[in-house]
Amino acid sequence: MGEKKQTLRAKALERRDSLTASELRLWSRLIQESVLHFSPYRLSCSVALYSPVGSEVATEEIRGHALISRKRLFYPKLGSGENLALVQVEFPEELKPGRYGILEPAGEKIMTQEDQERLVVFVPGLAFDLQGNRLGRGKGWYDRVLELLGEGPRLVALAFEFQVMERVPAERLDRKVHHIITERRIIDCRDAPSLSGPIP
């Protein structure tokens, strides 16, 4: 399983890194425009976003809209050791480069149980399948972020269409996303038929 994940991760990263700057900008803009009209986002009270790394789908338009709409906005913050927390951001200027150069909140206002009401969490990844399985960056950071949350939040992946594959290796306890938004469509993974059997 681990070897299959690593092979798929390398191929997906190579494909995504081959995007031109104009493709990355255009497709990211189309994805973010879809998010702004996506009903679960429109109805949300709180939003958790990621700071894109390299060729990941950009999120600054969602950030700007969430702040203007007075939604509570949160980003992952790496604390001492490898501890993670979701911390509130009220102004874009509060995002500063963290330990690994990824923008994260400078503040300390950690997400509370109350903040999780009508929460939508946008997650990055390298590959996804129609059942909502996700292959992450490989560090396990977002898996730990999702562990902080119960089953209530709506989990939404932002991905380019070529990142959606027929089958992604997944373990039984891996958290699935509920939706995938690409530059072409919005996929409701809850409607996908369940697959069983070994990964080919």
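Computed over heavy atoms, backbone and side chain alike; hydrogens, waters and symmetry mates excluded.
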A.B. asks: Just wondering, do F38 and V156 contact through their side chains at under 4.5 Å, heavy atoms?
C.D. replies: yes

A.B. asks: What distance separates R63 CZ from I68 CD1, expressed to the nearest 0.5 Å?
C.D. replies: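 Here the interatomic distance stands at 11.0 Å.
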
A.B. asks: Is L103 reachable from V87 through a run of hydrophobic residues whose side-chain heavy atoms are each under 4.5 Å from the next?
C.D. replies: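 Unlinked, V87 and L103 end up in two clusters.
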
A.B. asks: Cluster question for you: counting only ILVMFWY and a side-chain heavy-atom cut-off of under 4.5 Å, with indirect links fine, are I187 and I62 together?
C.D. replies: yes

A.B. asks: Answer yes if Y50 and I110 sit in the same cluster of Ile, Leu, Val, Met, Phe, Trp and Tyr residues linked by side chain heavy atoms under 4.5 Å apart, and no otherwise.
C.D. replies: no

A.B. asks: So V123 and R134, do their side chains get closer than 4.5 Å, heavy atoms only?
C.D. replies: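 SC-SC contact between R134 and V123 confirmed.
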
A.B. asks: If you round to the nearest 0.5 Å, how far is CD1 of I180 from CG of N133?
C.D. replies: 9.0 Å

A.B. asks: Any sub-3.5 Å donor-acceptor pair from Q163's side-chain atoms to L126's backbone N or O?
C.D. replies: yes

A.B. asks: How close do T59 and P52 get, counting heavy atoms only, and between which atoms?
C.D. replies: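 It is OG1-CD, 3.6 Å.
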
A.B. asks: Can you establish whether the number of heavy atoms outside R184 located under 6.0 Å from its atom CZ is more than 12?
C.D. replies: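 At most 12 heavy atoms, drawn from other residues, nucleotides or ligands, come within 6.0 Å of this atom.
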
A.B. asks: Measure the shortest side-chain to side-chain distance between V164 and L130 over non-hydrogen atoms and say whether it is less than 4.5 angstrom.
C.D. replies: yes

A.B. asks: Any heavy-atom pair between the side chains of L86 and K77 that's under 4.5 Å?
C.D. replies: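 The answer is no, as the side chains (C-beta and beyond) never meet within the 4.5 Å cut-off.
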
A.B. asks: Between L19 and F162, is a side-chain contact (heavy atoms from CB on, under 4.5 Å) present by the stated rule, with each step listed?
C.D. replies: CA-CA 11 Å; L19 291 175; F162 64 79; 3.8 Å; yes

A.B. asks: Over all heavy atoms of both residues, which pair between L24 and S55 is shortest? Give the atoms and the distance, please.
C.D. replies: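 Closest pair (atom of L24, atom of S55, distance): CD1-O, 3.5 Å.
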
A.B. asks: side-chain contact (heavy atoms from CB on, under 4.5 Å) between R9 and L135: does it pass, once the steps are laid out?
C.D. replies: CA-CA 7 Å; R9 197 174 271 122; L135 187 65; 3.3 Å; yes

A.B. asks: For H65 and R42: C-alpha separation, side-chain torsions, deciding distance, then whether side-chain contact (heavy atoms from CB on, under 4.5 Å) applies.
C.D. replies: CA-CA 10 Å; H65 185 275; R42 302 287 296 188; 3.6 Å; yes

A.B. asks: Once rounded to the nearest 0.5 Å, what's the spacing between atom CZ of R167 and atom CE of M165?
C.D. replies: 14.0 Å

A.B. asks: For a quick test of reading the model, state the closest non-hydrogen atom pair linking P105 to P76 and the distance between them.
C.D. replies: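 Heavy atoms only, the tightest pair is CD-O, 3.5 Å.
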
A.B. asks: Same cluster for F91 and L95 if Ile/Leu/Val/Met/Phe/Trp/Tyr side chains link at under 4.5 Å?
C.D. replies: no

A.B. asks: For the hydrophobic clusters of this structure (ILVMFWY residues joined by side-chain heavy atoms under 4.5 Å, transitively), does one cluster hold both L43 and I186?
C.D. replies: no

A.B. asks: Do L67 and P92 make a side-chain contact, defined as non-hydrogen atoms from C-beta onward lying under 4.5 Å apart?
C.D. replies: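 Counting from C-beta outward, L67 and P92 do come under 4.5 Å.
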
A.B. asks: So, for P124 and E56, which heavy atoms are closest and what is the spacing to 0.1 Å?
C.D. replies: CB-OE2, 3.6 Å

A.B. asks: Does the distance from a Lys or Arg side-chain N to an Asp or Glu carboxylate O, for D115 and R72, drop under 4.0 Å?
C.D. replies: yes

A.B. asks: Applying salt bridge (charged side-chain N to carboxylate O under 4.0 Å, His left out), which residue pairs with at least one partner in residues 148-163 are found, sequence neighbours left out?
C.D. replies: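 Listed once each, the pairs are E161-R185.
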
A.B. asks: Let me see the working for R99 and E104 under salt bridge (charged side-chain N to carboxylate O under 4.0 Å, His left out), right down to the final yes or no.
C.D. replies: CA-CA 9 Å; R99 192 186 312 166; E104 61 180 39; over 6 Å; no

A.B. asks: Rounded to the nearest 0.5 Å, what separates atom NZ in K176 from atom CG in L146?
C.D. replies: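 The NZ atom of K176 sits 14.5 Å away from the CG atom of L146.
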
A.B. asks: For the CG atom of D129 and the CD atom of E166, what is their distance to the nearest 0.5 Å?
C.D. replies: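 It comes to 9.0 Å.
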
A.B. asks: Aromatic rings W27 and F160: how do their planes relate, parallel, tilted or perpendicular, breaks at 30° and 60°?
C.D. replies: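 W27 vs F160 ring planes: tilted.
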
A.B. asks: Is there any salt bridge (charged side-chain N to carboxylate O under 4.0 Å, His left out) pair reaching into residues 12-36, and which pairs are they, with sequence neighbours excluded?
C.D. replies: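 Of all non-adjacent pairs touching residues 12-36, those that pass salt bridge (charged side-chain N to carboxylate O under 4.0 Å, His left out) are R29-E33.
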
A.B. asks: Determine, for Y41 and K71, whether the Lys NZ or Arg CZ falls below 6.0 Å from the six-membered ring centre while staying within 45 degrees of the axis.
C.D. replies: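 Checked: cation-pi criterion met.
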
A.B. asks: Closest heavy-atom contact between E61 and Q32?
C.D. replies: N-OE1, 2.8 Å

A.B. asks: To the nearest 0.5 Å, what is the distance between CG (L155) and CZ (R175)?
C.D. replies: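 That separation rounds to 5.0 Å.
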
A.B. asks: Heavy-atom distance under 4.5 Å between the side chains of P169 and K5, does that happen here?
C.D. replies: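 When only atoms from C-beta onward are counted, K5 and P169 do touch, with a gap below 4.5 Å.
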
A.B. asks: Does some side-chain heavy atom of L119 sit less than 4.5 Å from a side-chain heavy atom of Q116?
C.D. replies: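 Q116 vs L119: side chains touch.
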
A.B. asks: Step through the shown structure and confirm whether more than 12 heavy atoms of other residues, nucleotides or ligands are within 6.0 Å of CD on E60.
C.D. replies: yes

